[in-house]
Amino acid sequence: MIERLDYVSINGPAIASMAKAKTHMPTIDPKLRALVELRVSQINGCAYCVDLHTTEARHAGETTQRLDCLTVWREVSFFDAAEKAALAWAEAVTTISETGAPDAVYAELRTHFSDQQVVDLTLIIAQMNAWNRLAISFGHSPDPRED
């Protein structure tokens, strides 16, 4: 594999600005945020972000079983209706060129979240897609860990 650029060292101020944006989306519970970020990263195939957000989800109190079954969240009973609405929205926005962010998915989201939360959740999803694209494009992968 060809060595890719270190995007952080080349334009650290832009990366720092992207990271700082996270502080402006406070209405989403950290556990839900980690699940959404993880699901987006799974869809996009970003190994670095899957590793990162699985770890963050565990630190936020997420269970191993729910993390193990996140890719099949529709098939299990242990995600509540609000979480399912957020995950459906995350998938729709991540695959927007295919789905167009359907009205039915948006309407279900609105039954569980305030206006501010809908905007914050959508910003989280959009930003996660941007992070995934950076990490994948520049070959950023997780380091092995012992845990």
Side-chain angles (χ1 to χ4, degrees), residues 1 4-5 7-8 10-143 145:
M1 177 184 221
R4 305 288 174 108
L5 296 172
Y7 59 97
V8 176
I10 291 172
N11 196 343
I15 300 301
S17 292
M18 281 181 63
K20 187 177 178 185
K22 186 174 187 172
T23 64
H24 298 288
M25 302 167 224
T27 66
I28 304 301
D29 176 75
K31 194 165 141 180
L32 178 59
R33 181 187 187 114
L35 283 177
V36 166
E37 290 172 334
L38 176 56
R39 184 66 192 121
V40 169
S41 298
Q42 289 172 336
I43 293 165
N44 288 326
C46 183
Y48 179 83
C49 295
V50 166
D51 183 66
L52 173 67
H53 297 297
T54 301
T55 300
E56 287 180 350
R58 282 191 189 99
H59 286 135
E62 196 50 77
T63 68
T64 299
Q65 183 181 32
R66 283 170 41 105
L67 291 172
D68 290 346
C69 292
L70 184 59
T71 59
V72 291
W73 61 268
R74 286 180 177 87
E75 311 304 321
V76 296
S77 62
F78 39 82
F79 292 99
D80 67 29
E83 291 168 329
K84 287 182 175 187
L87 291 168
W89 186 241
E91 290 182 359
V93 172
T94 298
T95 60
I96 201 161
S97 67
E98 300 165 20
T99 68
D103 286 344
V105 176
Y106 180 76
E108 181 62 21
L109 183 74
R110 297 290 289 128
T111 67
H112 300 284
F113 297 96
S114 70
D115 293 355
Q116 183 69 49
Q117 288 174 311
V118 169
V119 170
D120 286 356
L121 187 60
T122 306
L123 286 166
I124 289 165
I125 296 162
Q127 186 176 49
M128 192 68 253
N129 276 283
W131 285 121
N132 289 164
R133 280 148 178 77
L134 281 167
I136 293 167
S137 297
F138 290 105
H140 196 176
S141 61
D143 294 324
R145 55 186 155 87

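Bear in mind the structure is a predicted one, so any value in this text is a computation, not a measurement.
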Is the closest side-chain heavy-atom distance between Thr99 and Val105 below 4.5 Å?
no
Do Glu83 and Asp80 come within less than 4.5 Å of each other through their side chains, counting heavy atoms only?
yes
Heavy atoms, side chains only, cut-off 4.5 Å: are Leu121 and Leu109 in contact?
yes
To the nearest 0.5 Å, what is the distance between CG on Leu134 and CG on Asn11?
10.0 Å
Evaluate the side-chain proximity of Val76 to Gln65: yes if any heavy-atom separation is below 4.5 Å, no if none is.
no
Working note: Arg39 + Thr71, criterion side-chain contact (heavy atoms from CB on, under 4.5 Å); need CA distance, chi angles, decisive distance, verdict.
CA-CA 7 Å; Arg39 184 66 192 121; Thr71 59; 4.0 Å; yes
Would you call the rings of His140 and Tyr7 parallel, tilted or perpendicular, where under 30° means parallel and over 60° means perpendicular?
perpendicular
Could you tell me which residues satisfy side-chain hydrogen bond (donor to acceptor under 3.5 Å, both in side chains) with Arg4, sequence neighbours excluded, listed by chain and number?
none
Residue pair Phe138 / Ile10, side-chain heavy-atom distance below 4.5 Å:
no
Value rounded to 0.5 Å, distance of OG1 in Thr94 from CD in Gln42:
11.0 Å
For the residue pair Glu56 / His59, report whether a side-chain donor-acceptor contact shorter than 3.5 Å exists.
no
Going through the distances and angles, do Asp68 and Thr63 end up as a side-chain contact (heavy atoms from CB on, under 4.5 Å)?
CA-CA 9 Å; Asp68 290 346; Thr63 68; over 6 Å; no
Euclidean distance, Thr55 OG1 relative to Glu62 CD, rounded to 0.5 Å
13.0 Å
Check whether any side-chain heavy atom of Val40 sits under 4.5 Å from a side-chain heavy atom of Glu91, and report yes or no.
no
Measure the shortest side-chain to side-chain distance between Trp131 and Ile15 over non-hydrogen atoms and say whether it is less than 4.5 angstrom.
yes
Once side chain to side chain donor-acceptor pair (under 3.5 Å) is applied, what residue pairs with a partner in residues 19-32 remain, sequence neighbours excluded?
Thr27-Asp120
Test your reading of the model: is there a side-chain donor-acceptor pair from Arg66 to the backbone of Phe78, 3.5 Å cut-off?
yes
Test item: Asn129 side-chain N/O and Ile125 main-chain N/O as donor-acceptor pair under 3.5 Å:
yes
Any Ser41 side-chain heavy atom under 4.5 Å of Met128 side chain:
yes
Trace of the side-chain contact (heavy atoms from CB on, under 4.5 Å) decision for Glu108 with Thr111
CA-CA 5 Å; Glu108 181 62 21; Thr111 67; 3.8 Å; yes
